[in-house]
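Right, one structure below, let's go through it.
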Amino acid sequence: MSNMSDHSSSVSREQVAEAYLKAFRLIDDRVTPYLGKVTTRVLVQGAAKRVSSTYPFLHFLVKMPYTDVVPTVVQEQLSGVSTIELAAALDALLQECFAGIKELTGDLIAPPIYDEVTRQLEQLQ
Amino acid sequence: MQSQSRLSESAYSSYHTPNSDRLAAILQEMEYINTIGKSFVAAIDRFQVHRALLGALQKLYSFAACSILLKGDPFELSIIPCYPLSQVFIAAMIERIASAASVIDFPAVSVEELANASYLDAPDDLSITQKLGSPVQDMIGGAVIGSFLNVPLTVENRIVGMLSLFDEREGTFDTDLLKLTTMIADYAAVALENVRLRERETALWRQAEIGRQRLELIISSMAEGLLITNEQGGITLLNVSAQHLLAQAQLDLKQNSPLRTLALANNVSWLHKLADIIDEALTGVTVMNQELIAGEAGEPVPLTLSISAAPLHDASQVQMGPIGVVAVLNDVTANKQIEKLKDEFVSVVSHELRSPLTAIKGYTQHLMRRIDRRLRKTQQEQQSSAISGVDLPENYDLRSLSIIQSQADHLERLVNDLLDLSQVQWGKLHLQYSSFYLADVLVESVRSVQASTEQHTIYLDIAVQDTKIVADKMRMSQVIGNILDNAIKYSPQGGQVTVKLEEREGDYFVSITDQGIGISQEYLDHIFERFYRVRNTASRQYSGIGLGLYVTRAIVEEHGGHIWVTNNKGLGCTFSFTVPAAAHSD
C-alpha cells in the first residue's frame, strides 16, 4: 500500500499518524458489524507486537489501544522518528492488520475493506 | 450465498413482502433467538454450552466442526465435530486455530501446545451413530479444510476466547452467516463466562470446605484445650481436650448461654475465674497464662490449668468490639507437682541448714570472745614484761574465726533467702507491722552498705518531711538492703549510687540509681522472677542465686506497693518502689 511514503517529505509526522489512524478507524467501522467492536483494537495490538521487532517505536501500541492515540501521544512516543520511517512502519502495521483479518475470515471481508482503505489513503495525500 | 438458512432467507425477503409476511419473518426470528437464548442460559457446564452452540449454528447452516479456544492458564481448546473427522483434518484445524489466535493478541501458543490442550467433545448422537452404523471408516470426512471462520468471543469488551468454524467444502460461509455467527458467539461467550464463574465459585467453596475440615481436624487433634465463645461469652466450641480438662465441672458448658450465667447458676467455684478471664478478653484485652485450679480443693496437687485468651475480631470490622474469645487451655498440673516438690525440698533443706548454721555461728562467736579475752590477757602480760612485737597465735586464730563468721553470715543470708522463697511460695509471708520512720531505715541501710565498700559513694536524698509509716521494719530494711547490695555488686568499677525518697500521690516513692553495668532491655521483664540471673553478666561471675529481687518484690507487693526497674541509657539502672504512706496506719 505505502501511499504516504512517496510524499512524506511534504507532510508532517502528525499528519501521517492521523492519516493511518483514520484508516484504522475505517477498518474498525467496517469490521465491527462482522466481528464485534473489540476485534479491530486487538488486531492492531497483535499487529503492533509483530512489527515492533522491525519498528520498536510502535511497541507502545501493544499495550495502548489505537483508539487512545491522540496528538500528544504521537508527540511523546514518536518524537525523533522521521516521517518516512513512520509512514513505512504504519503501513507495515496496516498490512499486518489486514493479514490478521484474512487469518480470521479468509477473503470474506478483507478485500473490499482493503480497497476502501487504499482509496482513503490516496485521497489524504 | 449457499446457505440453507431459513432465518436469513426470511430476514432478507422481509423487505419485499407484504406486512403479514414481514411480521411472520420477525416472529420466526424472535422464536429462533428465544430458543437459542434459553439453551445458552440453561447451560450449567461448558459441555452444555457446546451443545447449545452447535444446535444454534446447525439451524443456520451445515459445517464439519467448530472449536472453542478459551484464554486461561493453561489454554482450553474444545473441538466439537458435527461428524467423525480424520486426524489430518483435526491437525489442520489446530494449525489454523493457532494462527488465528496469534493475530488477535492471544498469549503466544504453539501448535503442539494447542494439540496437547485440545479436547474432542463429540456429541452423544455421534458416538451412537458410530456404534450402530456402518464401519467408521466410511463415515470419516476428508482431510482438507475448504473454508473457515474465526470469531472472537467477547464479554464486556474483553476477548475471552475464539470460536472457529470449519468445513470441507469451499465457500460455505458468507458475510451474512459471519454476522449471524458473531451474534451467536456473543451468547456463547456470556454463557461460557457464566460457567467459568460458576466453576470458580464451586472451586472456591470446595477449597474453603477442605480448609474448614482440615481446621476441624487440627482443632480436634490438639493436645491443648481450645475454647471459643460468642460475643456474649457463651461457649460455642470446645475441642476434645478442652472437654476433658473441663469435665470436672460436670456441666454441659456448650449451652450457648454466657459462662458468667452458668457460673452463677452452678456451684463450681472455678467457673467464676474462667468467666473472669473470658469477660476480660471480651473487653479486647489479650489475657496471658492465667492459672485456674479446676481440681478438688482437697487434692494434694489439684488439676491446674494455664489459660490464655484473646479477643476474636471480625476480619472486616477490626475497629468494632470482639465477636467472641478464643482461649487455649494447658494442663500444668504436672509442672505444679514438680514445683511443689521443689519448694518442699528447698523449704526442708533450708530449715535443716539453719539449725547447724546457728550452732556454727554461736560457737564461732563464743570462741572469738574467748580468744579475744585470752589475747587481751596475753597482751597485758607482754606489756608488763616489756615484750612486744611478737605475733601471737591467738591473732591468727581470731582472723580465722572472723573468716568463718563472715562466711557463716553469707550462708545465713542464702538460707534466709531460701526460707523467704518458701514463705512467698506458700503465701506465708507474714509481716510484723510497726510504726517507724522510713527515712531512718534508709539512713541505717545506706550507712551499713557504705561501710562495706570504698569504691562507691552512696548519696541519700530525702525530699519528704514526715516519713512515718506503718510497715514491717525488718522487711523494709531487707528490701532497701537487697537493692543497694545489687547496685554495689553490679557496679564493679565503683561510682555513685543515689537513694532518693519522695512522696507521690499518697505513696512513698523510693528510687535507687546506680552507674553500673545496667540490664539489657530483653531481661527487664524477667528480673523479678525467682532464680533469674541476667545473662549479660556472663563475662564476669556475680554471686547470688537469683532470689533477692523475687523476695523483694513479694515484700513490696505484700505492703501494697509496686516495684519496677528502668535502664539509664547505658549507664546503670534505677530500681524504684512505692509503699503506701497510709498503709496499716490505722
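Proteins get letters first, then strands, A, B, ... in listed order; numbering begins at 1 in each. Values below: every heavy atom of this structure, side chains too, minus hydrogens, waters and symmetry copies.
- The distance from the CD atom of A/E103 to the CD1 atom of B/I104 is 10.5 Å, given to the nearest 0.5 Å.
- Atom-to-atom distance recorded for A/Y34:OH and B/D176:CG is 7.5 Å, nearest 0.5 angstrom.
- Of all heavy-atom pairs spanning B/N150 and A/L35, the tightest one is O-CD2, 3.7 Å.
- Contacts between B/F106 and chain A at a heavy-atom distance below 4.5 Å involve the backbone alone (N, CA, C, O).
- Interatomic distance, B/F173 CZ to A/T105 OG1, rounded to the nearest 0.5 Å: 11.5 Å.
- Both the backbone and the side chain of B/T175 come within contact range of chain A, judged by heavy atoms closer than 4.5 Å.
- The shortest heavy-atom contact between A/G36 and B/T182 is N-CG2, 4.0 Å.
- Rounding to the nearest 0.5 Å gives a distance of 11.0 Å between CG of A/L104 and CZ of B/R96.
- A 4.5 Å side-chain heavy-atom check between A/I109 and B/L178 finds at least one atom pair inside the cut-off.
- No side-chain heavy atom of A/K102 sits under 4.5 Å from any side-chain heavy atom of B/V103.
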